[in-house]
Undergrad: 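One structure follows; several queries about it will come next.
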Amino acid sequence: QLQLVESGGGLVQAGDSLRLSCVASKSTFANYFLAWFRQAPGREREFVAAISRSGGNRGYVDPPKSRFTISRDNAKNTLYLQMTSLKPEDTAIYYCAARRALYSDTYATRVAEFDVWGQGTQLTVSS
């Protein structure tokens, strides 16, 4: 079973940039499509960005798609989320998620479509 470990969260100020990382435990990482979700206190987990196995297909949720960039390095078994112009409303626990997809280069955006999750990394954006 693939295991995911997020890092890179912390306390930043509004307007800052930050990059989150998610390292996977297995070399079959390239067989999975991946995504970032986030969950703020008292709210449901929500989709942020997703990427296909090859990295050629990416999707983002509005409105942050112009501030966030998802990428992956299959050689390093690592998923990234580059975030710019951070806002207090971006404060949440950020989770990476994976789903095995051997025969397609698509991605998913719903929580229920992913079966491997990391433990999350907390991001707090102060105003």
Side-chain angles (χ1 to χ4, degrees):
Q1 176 74 341
L2 189 75
Q3 293 183 327
L4 304 171
V5 179
E6 301 96 334
S7 63
L11 174 62
V12 300
Q13 293 186 331
D16 284 352
S17 297
L18 194 70
R19 188 178 76 167
L20 303 181
S21 299
C22 173
V23 178
S25 61
K26 296 178 65 173
S27 61
T28 54
F29 176 78
N31 292 336
Y32 292 76
F33 60 72
L34 306 165
W36 287 98
F37 290 81
R38 67 185 183 185
Q39 187 166 18
R43 301 187 64 177
E44 293 186 353
R45 193 167 298 189
E46 64 177 11
F47 170 74
V48 175
I51 190 167
S52 65
R53 293 185 302 138
S54 72
N57 294 307
R58 309 179 193 194
Y60 299 91
V61 66
D62 287 322
K65 69 175 182 178
S66 63
R67 297 187 293 119
F68 293 2
T69 302
I70 189 171
S71 62
R72 65 189 295 167
D73 186 337
N74 287 343
K76 296 182 178 179
N77 292 354
T78 304
L79 173 71
Y80 303 101
L81 184 68
Q82 179 68 49
M83 302 180 289
T84 62
S85 302
L86 285 165
K87 304 176 180 180
E89 51 264 42
D90 294 320
T91 295
I93 299 175
Y94 283 73
Y95 299 91
C96 63
R99 175 69 180 265
R100 192 175 180 92
L102 289 177
Y103 304 113
S104 65
D105 199 36
T106 59
Y107 57 81
T109 62
R110 297 182 300 165
V111 171
E113 294 177 290
F114 292 86
D115 53 10
V116 182
W117 292 85
Q119 84 291 347
T121 185
Q122 174 71 50
L123 170 64
T124 302
V125 184
S126 64
S127 58

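Atom set for the values below is all heavy atoms of this structure, side chains included, hydrogens, waters and symmetry mates excluded.
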Undergrad: Go through the side-chain N and O atoms of T78 and D73 and say whether any donor and acceptor fall under 3.5 Å apart.
TA: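 There is no such pair between these side chains.
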
Undergrad: Would you confirm whether the ring centroid of W36 sits within less than 6.0 angstrom of the ring centroid of F68?
TA: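 Between F68 and W36, the centre distance exceeds or equals 6.0 Å.
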
Undergrad: Check the hydrophobic clustering (I, L, V, M, F, W, Y; side-chain heavy atoms under 4.5 Å; chains of links allowed) and say if V23 and L79 are grouped together.
TA: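 No, because V23 and L79 fall into different hydrophobic clusters, even though each may have its own neighbours under 4.5 Å.
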
Undergrad: Do the side chains of Q1 and V116 get nearer than 4.5 Å, heavy atoms only?
TA: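 A side-chain contact under 4.5 Å exists here.
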
Undergrad: Looking only at heavy atoms, what is the nearest atom pair of R72 and S52, with distance?
TA: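 Answer, listing the atom of R72 first, then S52: NH1-O, 2.7 Å.
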
Undergrad: Do the side chains of L123 and L86 get nearer than 4.5 Å, heavy atoms only?
TA: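 In contact.
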
Undergrad: Mind running side-chain contact (heavy atoms from CB on, under 4.5 Å) on R53 and T106 for me, showing each step along the way?
TA: CA-CA 7 Å; R53 293 185 302 138; T106 59; over 6 Å; no

Undergrad: Ignoring hydrogens and angles, tell me if any N or O in the side chain of D105 forms a donor-acceptor pair with the backbone of S54 under 3.5 Å.
TA: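 Judged by distance alone, yes, a pair lies under 3.5 Å.
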
Undergrad: Decide yes or no on salt bridge (Lys or Arg N to Asp or Glu O under 4.0 Å) for R67 and D90, but give the supporting numbers first.
TA: CA-CA 11 Å; R67 297 187 293 119; D90 294 320; 2.8 Å; yes

Undergrad: Taking all heavy atoms of Y95 and all of E6, pick out the closest pair and write down the distance.
TA: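 Taking Y95 first and E6 second, the nearest heavy atoms are CA-OE2, 3.3 Å.
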
Undergrad: Can you check whether G9's main-chain N or O pairs, donor with acceptor, with T121's side chain at less than 3.5 Å?
TA: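 Pair found, side chain donor or acceptor close to backbone of G9.
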
Undergrad: Got a donor-acceptor contact below 3.5 angstrom from the R99 side chain to the A35 backbone?
TA: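 Not at all, since once roles are kept as given, no pair shorter than 3.5 Å links the two residues.
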
Undergrad: When the aromatic ring centroids of F47 and Y60 are compared, is their separation below 6.0 Å?
TA: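 Distance test on ring centres: not under 6.0 Å, no.
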
Undergrad: Could you state the interatomic distance from CZ (R58) to CD1 (I51), rounded to the nearest 0.5 Å?
TA: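 Those atoms lie 4.5 Å apart.
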
Undergrad: Among Y107, F33, Y32, which residue satisfies the ring pair (Phe, Tyr, Trp, His ring centres under 6.0 Å) criterion with F114?
TA: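 So the option named by the test is F33.
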
Undergrad: Is a side-chain N or O of S126 found less than 3.5 angstrom from the main chain of V12, in a donor-acceptor match?
TA: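 Yes: the side chain of S126 pairs with the backbone of V12.
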
Undergrad: What are the two closest non-hydrogen atoms of L4 and Q119, and how far apart are they?
TA: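 Residues L4 and Q119, closest heavy atoms: O-OE1, 3.6 Å.
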
Undergrad: Please check this pair: side chain of N77 against backbone of K26, looking for a donor-acceptor N/O pair closer than 3.5 Å.
TA: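 Looks like yes, one N/O pair under 3.5 Å.
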
Undergrad: Should Q82 and S71 be marked as a side-chain contact (heavy atoms from CB on, under 4.5 Å) after you check the CA-CA gap, both sets of side-chain angles, and the distance that decides it?
TA: CA-CA 8 Å; Q82 179 68 49; S71 62; over 6 Å; no

Undergrad: Is the closest side-chain donor-acceptor distance between R19 and Y80 under 3.5 Å?
TA: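 Short answer, no.
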
Undergrad: Are side-chain heavy atoms of R38 and E46 found at a separation under 4.5 Å?
TA: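 When only atoms from C-beta onward are counted, E46 and R38 do touch, with a gap below 4.5 Å.
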
Undergrad: Using a 4.5 Å cut-off on heavy atoms from C-beta on, say whether the side chain of W117 contacts that of R45.
TA: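 R45 reaches W117 side chain to side chain.
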
Undergrad: Would you mind reporting whether N74 and F29 have side-chain heavy atoms less than 4.5 Å apart?
TA: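 A side-chain contact under 4.5 Å exists here.
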
Undergrad: What heavy-atom pair brings T91 and A40 nearest, and what distance separates the two atoms?
TA: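 Minimum heavy-atom contact is O-CB, 3.7 Å.
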
Undergrad: Considering all heavy atoms of both residues, which atom of M83 and which atom of L20 are nearest to each other, and what is their separation?
TA: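 Closest approach of M83 to L20, heavy atoms only: CE-CG, 3.6 Å.
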
Undergrad: What heavy-atom pair brings A98 and L34 nearest, and what distance separates the two atoms?
TA: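 Residues A98 and L34, closest heavy atoms: CB-CD2, 3.5 Å.
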
